[in-house]
Amino acid sequence: MPAAFTQPDTDRRYPKALQVLGACVALIATLPPLSVVLGILMFAAGIILRLVRLSRKS
């Protein structure tokens with residue numbers, strides 16, 4: 001993925017964001033499906049816990 005950030009604009013065929021997105025999709029596609037699902041669940045759990053903690057401060 002670092003190559004997408006360091007490539008000069010003159011050599012770039014697609015926008016930088018699209019190159020980074022492509023690298024992320026390629027990495028996700030190589031993971032086992034269970035790992036992707038568990039990763040999404042962990043991410044969602046973190047967001048939910050953060051929202052709960054923020055709502056208790058009010």
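In what follows, residues are counted from 1 in the order of the sequence shown.
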S55 OG to R50 CZ distance, which is reported to the nearest 0.5 Å:
11.0 Å

Smallest separation among heavy atoms of V36 and L31, with atom names
CG2-CB, 3.9 Å

Nearest 0.5 angstrom please: L21 CG to Q19 CD, how far?
11.0 Å

